[in-house]
Amino acid sequence: GLLALLYLGVLVLIFGLRYVQTYLLNRTGQRAMHDLRVELFAHLQRLGLRFFDRHPVGALMTRLTNDIEALNEALTSGVVAVMGDVITMVGISIVLVLLDWRLALVTFLCLPLLYASSHWIQLRLRDSYRAIRVRLARLNANVQEAISGLAVIQLFGQERRALERFAALNRDHLAAS
């Protein structure tokens with residue numbers, strides 16, 4: 001009975017600590033992203049008009065929203081996951097060595113292969129993510145331009161053409177994703 005209550009108490013404590021950790025991490029991440037958005041917006045306002053001629057507004061919107069949100073996710077969730085994984089790996093390694101150092105050595109021999117394969121996957125994911133971001137920026141730029149120029153599109157009866165362009169960009173984004 002006492003052991004079960006102690007176990008339940010530890011579970012409640014772990015839940016509470018994880019809640020506080022998640023809250024503090026998200027709060028810190030949101031404040032950092034807020035400051036980053038403000039700085040980026042201020043920077044955009046200082047840029048010359050030639051910059052905006054070369055960069056579609058939709059692409060800039062993607063940078064200010066989606067990319068910053070992705071960075072926020074990486075900082076808040078990624079940091080916790082990496083720290084938890086590192087602590088788990090160290091703990092498992094210590095237990096393995098204590099149980100049987102020969103078995104631990106054989107297990108550790110697999111680590112270079114594991115590292116190489118995860119590095120290869122990471123590179124592929126980074127390239128894929130980059131391609132997705134580029135296509136999302138194109139898609140958002142198209143939407144922004146189409147909405148801004150909707151009167152002209154309707155005036156010249158180009159709704160079907162605008163829809164086909166959007167559909168093509170959307171398919172391209174889907175394929176990249």
Side-chain angles (χ1 to χ4, degrees), residues 13-91 114-155 158-159 161-177:
L13 180 65
I14 288 172
F15 173 78
L17 291 174
R18 281 195 181 147
Y19 176 81
V20 169
Q21 175 191 26
T22 302
Y23 175 79
L24 290 176
L25 258 170
N26 281 318
R27 184 172 177 217
T28 303
Q30 288 300 324
R31 285 187 178 201
M33 294 307 108
H34 170 270
D35 294 346
L36 182 59
R37 280 188 197 99
V38 168
E39 286 295 319
L40 282 173
F41 188 75
H43 177 72
L44 280 174
Q45 289 181 313
R46 290 189 298 269
L47 294 173
L49 292 178
R50 293 182 68 203
F51 175 83
F52 295 99
D53 289 339
R54 293 189 316 260
H55 298 88
V57 174
L60 296 173
M61 291 294 298
T62 300
R63 296 286 180 259
L64 278 171
T65 55
N66 296 27
D67 290 0
I68 290 177
E69 191 55 40
L71 179 62
N72 181 38
E73 284 295 316
L75 289 177
T76 55
S77 301
V79 169
V80 173
V82 167
M83 290 303 292
D85 291 347
V86 167
I87 290 170
T88 301
M89 289 286 288
V90 168
L114 180 64
Y115 174 78
S117 62
S118 69
H119 184 68
W120 179 79
I121 290 170
Q122 180 185 19
L123 291 176
R124 302 263 310 167
L125 285 174
R126 186 178 61 204
D127 293 343
S128 179
Y129 182 67
R130 237 183 237 139
I132 292 168
R133 280 189 12 234
V134 165
R135 282 156 179 88
L136 182 61
R138 287 179 190 155
L139 186 65
N140 286 343
N142 176 262
V143 168
Q144 186 274 328
E145 290 167 4
I147 290 173
S148 296
L150 194 57
V152 175
I153 289 171
Q154 290 176 346
L155 181 67
Q158 295 295 308
E159 293 92 347
R161 186 170 180 222
L163 181 60
E164 288 170 357
R165 176 155 170 69
F166 174 79
L169 288 169
N170 201 24
R171 276 193 306 273
D172 193 33
H173 178 260
L174 177 63
S177 296

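Here, residue 1 is the first one in the sequence, and each next residue gets the next number.
- Side-chain contact between Arg138 and His173 is absent, with no heavy-atom pair separated by less than 4.5 Å.
- From Ser117, atom OG reaches atom CD1 of Ile121 across 5.5 Å, with rounding to the nearest 0.5 Å.
- Side-chain contact between His43 and Arg46 is present, with heavy atoms from C-beta onward closer than 4.5 Å.
- Using a distance-only test at 3.5 Å, with no hydrogens or angles considered, a donor-acceptor pair links the side chain of Ser148 to the main chain of Gln144.
- The line from CZ of Arg18 to CG of Leu13 is 11.0 Å long, rounded to the nearest 0.5 Å.
- The distance from atom OG1 of Thr65 to atom CG of Leu40, rounded to the nearest 0.5 Å, is 11.0 Å.
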Requested in this report: Mind running side-chain contact (heavy atoms from CB on, under 4.5 Å) on Leu123 and Arg126 for me, showing each step along the way?
Outcome: CA-CA 5 Å; Leu123 291 176; Arg126 186 178 61 204; 3.0 Å; yes

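- Distance CD/Glu73 to CG/Asn26: 8.0 Å, rounded to 0.5 Å.
- Each of Leu64, Asp67, Ile68 was compared with Leu36 under the side-chain contact (heavy atoms from CB on, under 4.5 Å) criterion, and only Ile68 meets it.
- Atom CG of Leu163 sits about 10.0 Å away from atom CG of Asn170, to the nearest 0.5 Å.
- Of the possible donor and acceptor atoms, none in the side chain of Arg31 sits under 3.5 Å from a partner among the backbone N and O of Arg27.
- Atom CE of Met33 has more than 12 heavy atoms from other residues, nucleotides or ligands within 6.0 Å.
- Of all non-hydrogen atoms in Ala141 and Ala59, the two that sit nearest each other are CB-N, 3.8 Å.
- Among Asn142, Asn140, Leu136, the single residue meeting the side-chain contact (heavy atoms from CB on, under 4.5 Å) criterion with Leu169 is Asn142.
- Proximity of Thr62 to Arg133: side-chain heavy atoms (C-beta onward) are nowhere separated by under 4.5 Å.
- Atom OG1 in Thr28 sits 10.5 Å away from atom CG in Asn72 (nearest 0.5 Å).
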Query raised in the report: What's the verdict on salt bridge (Lys or Arg N to Asp or Glu O under 4.0 Å) for Glu69 and Arg37, showing C-alpha distance, side-chain angles and the deciding distance?
Result: CA-CA 10 Å; Glu69 191 55 40; Arg37 280 188 197 99; 3.6 Å; yes

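- For the pair His55 (side chain) and Phe51 (backbone), a donor-acceptor distance under 3.5 Å is present.
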